2 protein chains.
Amino acid sequence: MPTRPLNSSPESEPADVFAPSREASKEITVRFNNTGAEEKAPERVNIREVARQAGVSVATVSMVLNASPRISRSTHIKVQRMIDKMGYRPNRLAQSLSGRYTQVVAVMLPPLRHAFADAYFGEILSGIADRAGKLGHKLLIEQAKPQFVKEGKHLELYERRFVDGVLCLGFNEKHSFLSDFAARRYPMILVDNRFGDNLLDYVQCDYRLGAQQAMNCLLQLGHRNIGMVYAAPESPTARDVVETYTARLVEAGISPSEKWLVDGCFTDEGGAEAARVLLTRAPEISALLCGNDKMALGAIRYLTTHGHRVPDDVSVVGFDDIQHLAYANPSLTTVHLPLYELGVLACEKLVERIRGKVEHVAEVLPTHLVLRESTGMMRTLRSES
Amino acid sequence: MPTRPLNSSPESEPADVFAPSREASKEITVRFNNTGAEEKAPERVNIREVARQAGVSVATVSMVLNASPRISRSTHIKVQRMIDKMGYRPNRLAQSLSGRYTQVVAVMLPPLRHAFADAYFGEILSGIADRAGKLGHKLLIEQAKPQFVKEGKHLELYERRFVDGVLCLGFNEKHSFLSDFAARRYPMILVDNRFGDNLLDYVQCDYRLGAQQAMNCLLQLGHRNIGMVYAAPESPTARDVVETYTARLVEAGISPSEKWLVDGCFTDEGGAEAARVLLTRAPEISALLCGNDKMALGAIRYLTTHGHRVPDDVSVVGFDDIQHLAYANPSLTTVHLPLYELGVLACEKLVERIRGKVEHVAEVLPTHLVLRESTGMMRTLRSES
DNA sequence: AGCCATTGTTAAAACAGTTTACCATTATCG
DNA sequence: CGATAATGGTAAACTGTTTTAACAATGGCT
């Protein structure tokens, strides 16, 4: 999608955004404060004040703010000028209280220790944040700690009118509290996952397609004994990958073995350990498909430090295409998930759902393979050629 | 709401000239509702409803909610019971509108492409989020894109009453808009940085101490020709490190050379490139101090792939101690920054500042060295022993 | 008994907007 | 020319809470 500069330098903006006149008045304000009179220093102006100064009713100012067609051009200009002159900014608490929407959406993260420092979540969040900004929505972040859910705070988010809707990242069918949202018809979208029964709204990457792309690559390179480091079997999308992996093996006339499958817990260390287990109990393996890049990296680290060259002895394919891994050594061949775009889509669809423009959300985004250095032809084929 | 009946009672009562009881006419409404249909499932209950059912005034319910000591024990229990029974949740838009605080704080991130996926920001954010939760505050995230600042949206955050205060991560003196907050006395705390004039509130790690710990380590291992990969010279804390590095060299009787200093831009690739430049133009270097872990990692990657063993030929020390790097090969000796704790402290202090409990915030947290495998005795010393 | 505190409760006035029903003007048309 | 429609604007009701001033009902003390 948008290809932004890697180092977008913020100093491109002018040094002083505001007119010096405003700065001057500020100084006066501060002095006034210091003499100890009243702390009404920032002098909040409200809609009534604007209406009086513009010589119109409060309703008229409100309609100007909301660009109502019932206001004539001349009145609109007159009022808008006064708004600018007085520096009036509508109080959005009052707006939301009397209106229908809060214009805030929440992002819920799972209770992992490093949820905020995660490359996978981060990429999705970037997309969400960008689109939310464009749609005039603010973003609230919450981590769904057990305590949080137990106290029903996830429902309070709506019921106390903190937000209009919620995006849930990194949850799976084990997190039954997610059904609470649907039961009350509160707008919620599951991001990059779905529930088995498809009763919950979701947007996700096409993990089946991704797994096929990865398997095609390995099979075409001549690999037949392909191991898989999976994770989170309780997640439908993760199961998609395993199922596709198995199906492709069968299609290629290879009978998949239980010995070729190990859980790597989505972590770096888990990936390393999984590689150890796999190559110990199934030395015939010449390629590994990993459920995410972190596990792939861990696997490569284990392999290279234990006498297996990558890709000469063992090929490795990852999943995610997280940043800064193009520089790894060897650089990782991986299935690119359009996570930024998924975040954008999730936010877009959530707002549509909030506005009642759609009833149900179920969207899938295609993946593609990024061929780098961690994959190669199978050993025997290479020596033959 | 769009379909708001102006006249809340369905049956048109004669204008109740004598009855000042809006409450009375509402009772009819409610009875009507209750005996009528049940289709309006979520049926929002408000404080008036609770008051009527409990047979007390709205003020009393409000005081029960806020645990006012002016309410008798018996009344408190009676009202609380009704609140629970009806599942009443106070509308926080109304609470904030009438009250002094929104109970929301914003976190501002710099306009970097991967700001949300960053291990450094993520660790601080974890601390902020945990403490905010404990203090009953919600978290809003914003990325300070140039456009955002240019339109004055950072001030709107307060002026339209989105938040009570702001925490700014990853900014430096070049970002002059930060002074806007202080000029208006809006609560804002700079996290892990400060402005030269110290007019802005801040909390930070003790970078001078950290740099000393790192230099002590290298000097004690016998290194004398120590290079430095720095970054962001416009940031006071980053300058602290460079200054301390230079000072310690001088103290040890070593004259620092300009050739030993290279900017690595805080990135992995920058670190690799910096290492290349340093070892090309100053082959005498036997140790590197890096301004963060990412650059250290990049440097190690360059070194190990270009005939320099780490730590046998060159020792490397990082800064940050970001997670999952303990597993790198060789694992990284680094200065641990208490980023989680810094986040907690920042949030704590911001809320104190909002509440008016403190006037100015300036806190510094100590660092400590984590000795791992990327450092070793200097070559010549080793061979002597 | 009369007076002053103390205690617990309440009516009403904020807070700052949006929306609706209604009311003047003009404009259109048979 | 008068009835009807369209246009532009407004008063007041409404969103759901906190807070303050006032008030009744006790209790303690001369």
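Below, read A as the first sequence line, B as the second, and so on, with proteins coming before strands; counting in each chain starts at 1. Given the structure is predicted, the values throughout are model-derived calculations rather than measurements.
Considering only residues two or more places apart in sequence or on other chains, B/A59 meets the side-chain contact (heavy atoms from CB on, under 4.5 Å) condition with B/S57. For the side-chain contact (heavy atoms from CB on, under 4.5 Å) test, residues two or more places apart in sequence or in another chain that qualify with B/S96 are A/L93, B/R92, B/T102. Residues passing the side-chain contact (heavy atoms from CB on, under 4.5 Å) test with A/A132, sequence neighbours excluded: A/H137, A/L139, A/C347. Legend: residues meeting side-chain contact (heavy atoms from CB on, under 4.5 Å) with B/S179, ordered by chain and number and at least two apart, are B/F195.
Distance A/Q103 CD to C/dG17 P: 15 Å, rounded to the nearest Å. The interatomic distance linking A/R161 (CZ) with C/dA16 (P) rounds to 18 Å, in whole Å. Counting to the nearest Å, the P atom of D/dT7 and the CZ atom of A/R73 are 17 Å from each other. Remark: P of C/dT19 and CG of A/L97 are 12 Å apart, rounded to the nearest angstrom.
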Check nucleotides 17-26 of chain D against the protein and report each pair of N or O atoms closer than 3.5 Å, with its distance, or say if there are none.
residue	atom	partner	partner atom	Å
D/dT17	OP1	B/Y88	OH	2.7
D/dT17	OP1	B/N91	N	2.6
D/dT17	OP2	B/I47	N	2.5
D/dT17	OP2	B/Y88	OH	3.3
D/dT17	O5'	B/Y88	OH	3.1
D/dT17	O2	B/S98	OG	3.2
D/dT18	OP1	B/N66	ND2	3.0
D/dT18	OP1	B/Q95	NE2	3.3
D/dT18	OP2	B/S62	OG	2.3
D/dT18	O5'	B/S62	OG	3.4
D/dT18	O4'	B/S98	OG	2.4
D/dA22	N6	B/R70	NH2	3.4

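If you check residues 74-85 of chain B against DNA chain C, the residues with a heavy atom closer than 4.0 Å are B/T75, listed by number.
B/I71 comes within contact range of the sugar-phosphate backbone alone, with a heavy-atom separation under 4.0 Å but no base atom that close. Contact annotation for B/T60: base contact, defined as any heavy-atom pair under 4.0 Å involving a base atom.
Annotation: side chain to side chain donor-acceptor pair (under 3.5 Å) contacts involving residues 74-87 of chain A, sequence neighbours excluded, comprise A/S72-A/S74, A/S72-A/T75, A/Q80-A/D84. Applying the ring pair (Phe, Tyr, Trp, His ring centres under 6.0 Å) test to residues at least two apart or on different chains, the pairs with a partner in residues 139-171 of chain A are A/H154-A/F177, A/H154-A/F181, A/Y158-A/F181, A/Y158-A/Y186, A/F171-A/H175, A/F171-A/F177. Sorted by first and then second residue, the side chain to side chain donor-acceptor pair (under 3.5 Å) pairs involving residues 141-150 of chain A (not counting sequence neighbours) are A/E142-B/K138, A/K145-B/D130, A/Q147-A/E151.
The closest side-chain heavy-atom distance from B/L65 to B/I83 is below 4.5 Å.
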